[in-house]
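First listed ligand is number 1; within each ligand, the first listed atom is number 1.
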Amino acid sequence: MEERYDIAIIGSGPAGLSAAVNAKIRNKNIILFGNKNLSFKLCKAPKVNNYLGFYDISGEELKDKFTEHIDKMGIEITEERINAVYAMGDYFTLMVNEKAYEAKTIILATGMEFTKPLKGEEEFLGKGVGYCATCDAPLYRNKVVTIVGYTREAEKEANYVSELASKLYYIPMYKENYELVNKVEILKDKPIEITGDEKVERLILKSDEIKTDGVFILKESVAPSQLVPGLLIEDEHIKVDKNMKTNIDGCFAAGDCVGTPYQYIKSAGEGQIAALSAVNYLSSIK
Ligand SMILES: Cc1cc2nc3c(=O)[nH]c(=O)nc-3n(C[C@H](O)[C@H](O)[C@H](O)COP(=O)(O)OP(=O)(O)OC[C@H]3O[C@@H](n4cnc5c(N)ncnc54)[C@H](O)[C@@H]3O)c2cc1C
């Protein structure tokens, strides 16, 4: 059997890192999912003056401090994007494409996605719209696929899916040098609406319209309601009590994903509460 962790933490921003540090101090067997850059929002901050103990620091410098801290504690980041989490009763299964991890408790620290869904996105979800192109790639063999990529990670998925699809359009939602294979056609346009009858047929762009069988929207984070089926959401945020417990036993949440104000130190504080609540929960189920 695969190793079953005590606590799986999803997200490597300040909330997830603080949860990891505190769970590790309490001697729990943890796994932390995210990326080596920790958080896009952390790297982007020009100047941070409200993180106690670090006056006049850039987001990038704060990121380096956080990295040094977790390195010294022997905490590693597993660079995987969790696509779905299923509550199995007394444990959780976390899906990464075809791979699965198991943990007794989970802490959601996925941040907050600010972009609204596209028109038609929710309507066609599962009918041609998806959030993991590599997972669904076999369904699109010899078909036309469009990937709307919000981060560079999406380029890898585009290159892989282009091997199976008859045509792959890539719509970058950021400006950078794209590392895409020749087969991929880059469209520098703004997606407006997904249309079709029973399933996806077209993507309307600001200055064009393309025929497509599938549209994958690859953002930094998946909406929590899609990530964890059955999770209670209120006003676009995960509903938690003061112990950072969600409506699902053993599932805790912290940081921007549970509500405003969107701030580093608030996220770190909540990550700590979530970790300690998870530790208490683990002792209660023994
Ligand atoms: C330009 C800018 C400047 C800012 N300046 C300040 C400031 O000066 N002071 C301040 O207090 N706050 C500031 N903020 C706000 C601050 O960035 C956020 O409040 C904070 O980063 C939230 O932390 P978090 O841990 O909740 O989420 P995030 O920092 O958003 O981290 C979430 C992480 O989880 C990862 N993730 C998401 N879903 C998954 C998944 N399914 N699988 C694996 N990983 C996943 C993401 O990739 C991301 O790395 C600023 C924000 C911006 C954009």
Q.
Using a 3.5 Å distance criterion without hydrogens, assess whether the side chain of T212 forms a donor-acceptor pair with backbone atoms of G214.
A. yes

(Q) Nearest 0.5 Å, please: how far is OG in S267 from OH in Y51? (A) 9.0 Å

(Q) Whether the side chain of N159 engages the backbone of E179 through a donor-acceptor N/O pair (distance < 3.5 Å, no angle test) should be reported. (A) yes

Q.
The test is ring-ring contact (aromatic ring centres under 6.0 Å, His included); show your working for Y150 and F40 and say whether it passes.
A. CA-CA 11 Å; Y150 283 80; F40 179 69; over 10 Å; no

Q. Between D256 (side chain) and P261 (backbone), is there a donor-acceptor pair under 3.5 Å?
A. no

Q: Pick, from L17, D256, T260, the option with the minimum heavy-atom distance to atom 18 (C) of ligand 1.
A: D256

Q. Would you say V144 and V161 are hydrophobically clustered, going by side-chain heavy atoms of ILVMFWY under 4.5 Å?
A. no

(Q) Please list, in number order, the atoms of ligand 1 under 4.0 Å from a heavy atom of R81. (A) 42 (N), 43 (C)

Q: Taking only heavy atoms of Y262 into account, list the atoms of ligand 1 that are under 4.0 Å away from them.
A: 12 (N), 15 (C), 19 (O)

Q) Can you list the atoms of ligand 1 that are under 4.0 Å from a heavy atom of K47? A) 8 (O)

Q) Relative to ligand 1, is N35 under 4.0 angstrom through side chain, backbone, both or neither, heavy atoms considered? A) side chain

Between side-chain atoms of residues 195-202 and protein atoms elsewhere (two or more places apart, or another chain), which donor-acceptor pairs fall under 3.5 Å?
unit_1, atom_1, unit_2, atom_2, d
E201, OE2, D197, N, 3.3
R202, NE, E209, OE2, 3.0

Q) Of all residues at least two apart in sequence or in a different chain, which pass the side-chain contact (heavy atoms from CB on, under 4.5 Å) check with P117? A) E121, E122

Q. Taking it one step at a time, do N35 and E153 satisfy side-chain hydrogen bond (donor to acceptor under 3.5 Å, both in side chains)?
A. CA-CA 10 Å; N35 58 78; E153 288 297 298; over 6 Å; no

Q: May I ask which of G13, A109, S267 has a heavy atom nearer to atom 23 (O) of ligand 1 than the others do?
A: S267

Q.
Tell me the contacting part of L42 for ligand 1: side chain, backbone, both, or neither, using a 4.0 Å heavy-atom threshold, strictly below.
A. neither

Q. Same cluster or not: are I248 and Y91 linked, directly or through other Ile, Leu, Val, Met, Phe, Trp or Tyr residues, by side-chain heavy atoms under 4.5 angstrom apart?
A. no

Q: Would you check whether L38 reaches within less than 4.0 Å of ligand 1, judged by its heavy atoms?
A: yes

Q | Contacting atoms of ligand 1, where contact means under 4.0 angstrom from a heavy atom of G255 | A | 26 (O)

Q) If we only count N/O pairs under 3.5 Å, is A15 in contact with ligand 1? A) yes

Q | For S12, atoms of ligand 1 separated by under 4.0 Å from a heavy atom | A | 33 (C), 34 (O), 49 (O)

Q | Heteroatom distance test (P14, ligand 1): nitrogen or oxygen, under 3.5 angstrom | A | yes

Q: Using modelled atom types only, decide if a donor and an acceptor are shared between the side chain of T246 and the backbone of F252 within a distance under 3.5 Å.
A: no

Q) Quick check: are there more than 12 heavy atoms from other residues, nucleotides or ligands sitting under 6.0 Å from CG of D235? A) no

Q: State if K266 counts as touching ligand 1 under the rule of any non-hydrogen atom under 4.0 Å.
A: no

Q | N50 N/O to ligand 1 N/O under 3.5 Å | A | yes

Q: Pick one of side chain, backbone, both or neither for how N37 approaches ligand 1, counting any non-hydrogen atom pair under 4.0 Å.
A: neither

(Q) I'd like to check whether P46 has a polar contact with ligand 1, where a contact means an N/O of the residue lying under 3.5 Å from an N/O of the ligand. (A) no

Q) Should one rank G271, G11, A253 by closest heavy-atom distance to atom 34 (O) of ligand 1, which comes out on top? A) G11

Q | Q263: numbered ligand 1 atoms lying under 4.0 Å from its heavy atoms | A | 10 (C), 11 (O), 12 (N), 19 (O)

Q. Given N142 and S166, is the side-chain hydrogen bond (donor to acceptor under 3.5 Å, both in side chains) satisfied, shown in steps?
A. CA-CA 4 Å; N142 299 324; S166 62; over 6 Å; no

Q) Applying a 4.0 Å heavy-atom criterion (strictly less than), which segment of E80 is in contact with ligand 1: side chain, backbone, both, or neither? A) backbone

Q: Would you mind listing which atoms of ligand 1 come within a distance below 4.0 Å of any non-hydrogen atom of A45?
A: 3 (C), 4 (C), 5 (N)

Q.
Would Y264 count as a polar contact of ligand 1, with the cut-off being nitrogen or oxygen pairs under 3.5 Å?
A. yes

